Amino acid sequence: MATSDAYNKRVLSIQSHVVHGYVGNKVATYPLQLLGFDVDPLNSVQFSNHTGYKCFKGPVATEKELATIFDGLQENELLCQYSHLLTGYIGNPLFLRQVGVILKEIRKANPNLIYVCDPVMGDNGSMYVPEELLPVYRDEIIPLADIITPNQFEVELLTGKQVRSEAAVWEAMDWFHESKIKTVVISSSDLGQPGMLRAFLSQLDGPRLAMDIPKQGDKDLFFTGTGDLFASLFLAHSHASGDVTEAFEKTIATLQAVIKRTVELLPTSAGEPVKAWERELKLVQSKKLIEEPQVLLKAQRIN
């Protein structure tokens, strides 16, 4: 039975879970719900906290456990309810390969499913997942995606080429488009002016966009979960609007607003290093900012 769009917004989100803090499914679920989506989180790991703390503990799910959970969804005839599949951190290449099997099964139930893939593998020149995941992403998973949201380093891993200039960015975008990926968003790069990050978007047979994003906080301050938040926000805004420029601008506006709120709520003790738990994104405190993004930065049309 056909349902209206308001009732056909459900995401199967396969990524990490932490008990404390906001990364993976913990940072993706709440914004998607605020923006009108039902979210079914399926956890690739369940850790005490993210890996930026002095220690983290908890189980890593296996591909057999993933298949068992998915079988329950399939046998209960729930697959047709999913409008989107979202994937993030996965630390096991066999688990990742099983995601490809799951995607194909959901698309049998709903050929219009949108797959948003955040190929989480590393950042700042180093991988934090096993190297065996790279060929699975590159050869099996990425070609199935509608939207991908890699960072600069992950683009280099996937294409096998350095991305050190804007021309190289667009060459990399073309590499993805040759695999029929409709929308490629590089969520962050170091190609901006000093004090700036630069994000890029390219749509197959559509616009090419770039945006400079001011860095916030101290130069040594960094936040975990921003890429996961970016992917979930872009999923929501690209669904809500047929205008990919608007979706890009609203996604970055929200992300910047959440980071700003997080910086504002950091402790002010002079000389003391900021602790990992103090740097957790202030998601709940940003509720209205997520629901009503205020676009302050406009995208530059390149083509």
Side-chain angles (χ1 to χ4, degrees), residues 1-17 22-44 66 69-70 72-74 76-89 99 102-118 141 144-149 181-185 187 201 203 206 225-255 257-258 281 283-284 286-295:
M1 183 174 67
T3 57
S4 71
D5 181 69
Y7 295 100
N8 190 30
K9 293 163 62 176
R10 182 177 291 273
V11 181
L12 178 62
S13 180
I14 305 177
Q15 49 188 318
S16 62
H17 173 81
Y22 289 99
V23 299
N25 272 328
K26 274 287 288 289
V27 82
T29 300
Y30 181 63
L32 282 167
Q33 290 171 330
L34 289 178
L35 295 170
F37 286 80
D38 285 304
V39 184
D40 291 353
L42 206 170
N43 301 326
S44 59
L66 173 61
I69 293 170
F70 184 74
L73 299 173
Q74 191 167 30
N76 284 305
E77 300 179 0
L78 298 173
L79 303 190
C80 61
Q81 295 189 23
Y82 292 116
S83 59
H84 294 76
L85 173 66
L86 171 65
T87 61
Y89 177 87
V99 168
I102 284 172
L103 171 59
K104 291 170 184 175
E105 288 300 312
I106 302 176
R107 279 193 169 144
K108 289 178 186 176
N110 177 14
N112 296 318
L113 179 89
I114 301 297
Y115 175 31
V116 180
C117 176
D118 184 10
I141 301 299
L144 300 174
D146 299 286
I147 298 169
I148 62 169
T149 61
I181 299 164
K182 184 177 181 183
T183 306
V184 183
V185 191
S187 55
L201 181 148
Q203 194 165 53
T226 52
D228 306 329
L229 178 57
F230 185 100
S232 65
L233 291 169
F234 190 79
L235 182 158
H237 290 305
S238 62
H239 180 85
S241 171
D243 183 348
V244 74
T245 304
E246 180 183 343
F248 189 46
E249 290 172 345
K250 283 186 173 181
T251 296
I252 290 174
T254 307
L255 184 60
V258 171
L281 294 176
L283 209 60
V284 174
S286 304
K287 177 178 182 290
K288 189 169 183 181
L289 302 170
I290 295 168
E291 292 175 316
E292 301 172 12
Q294 303 298 309
V295 174

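All figures in this text were calculated on a predicted structure; none of them were measured in a lab.
No side-chain heavy atom of Phe230 sits less than 4.5 Å from a side-chain heavy atom of Thr226. Counting heavy atoms from C-beta outward, Val244 and Phe234 have side chains that approach closer than 4.5 Å. In this structure, Ser238 and Ile147 have side chains that are in contact, with non-hydrogen atoms separated by less than 4.5 Å. With a 4.5 Å cut-off on side-chain heavy atoms, Leu103 and Ile141 do not count as touching. A heavy-atom distance below 4.5 Å is found between the side chains of His237 and Pro293. Looking at Leu229 and Thr254, their side chains never come closer than 4.5 Å, going by heavy atoms from C-beta outward. Looking at Phe248 and Val185, their side chains come closer than 4.5 Å, going by heavy atoms from C-beta outward.
Between Ser83 and Asn8, the shortest heavy-atom distance links the atoms CB-O, 3.3 Å. Between Asp146 and Tyr115, the shortest heavy-atom contact is OD2-N, 2.7 Å. Thr251 and Ala247 get closest at one heavy-atom pair: OG1-O, 2.8 Å. Of all the heavy atoms in Leu86 and Ala231, the pair that sits closest is CD1-CB, 4.1 Å. Between Leu113 and Leu85, the shortest heavy-atom distance links the atoms CD1-N, 3.8 Å.
To the nearest 0.5 angstrom, Lys9 atom NZ is 5.5 Å from His239 atom NE2. Atoms NE2 and CG, from His84 and Asn112 in turn, are 10.5 Å apart once rounded to the nearest 0.5 Å. Separating the CD1 atom in Ile114 from the NZ atom in Lys182 is a distance of 7.5 Å, to the nearest 0.5 Å. Interatomic distance, CD1 of Ile102 versus CG of Leu66, reported as 3.5 Å (0.5 Å rounding). Here the CG-CZ distance, from Leu79 to Phe70, works out to 4.5 Å after rounding to the nearest 0.5 Å. From Ser13, atom OG reaches atom CG of Asn43 across 8.5 Å, with rounding to the nearest 0.5 Å.
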Start with the C-alpha gap between Lys26 and Asp228, add the side-chain angles, then the distance that decides, and say whether side chain to side chain contact (heavy atoms under 4.5 Å, CB included) holds. CA-CA 9 Å; Lys26 274 287 288 289; Asp228 306 329; over 6 Å; no
Verdict with reasoning, Asp118 to Tyr89, per side chain to side chain contact (heavy atoms under 4.5 Å, CB included): CA-CA 8 Å; Asp118 184 10; Tyr89 177 87; over 6 Å; no
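Partner Leu12 forms a side-chain contact (heavy atoms from CB on, under 4.5 Å) with one of Val39, Asp40, Asp38 and no other, that one being Asp40.
Glu291 and Lys288 are not joined by a salt bridge, as no carboxylate oxygen comes within less than 4.0 angstrom of a charged side-chain nitrogen.
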Just distance, no hydrogens or angles: give the donor-acceptor pairs under 3.5 Å from side chains in residues 27-37, sequence neighbours left out.
residue : atom : partner : partner atom : Å
Thr29   : OG1  : Asn25   : O            : 2.7

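Side-chain polar atoms of Ser44 and Gln15 form no donor-acceptor pair below 3.5 angstrom.
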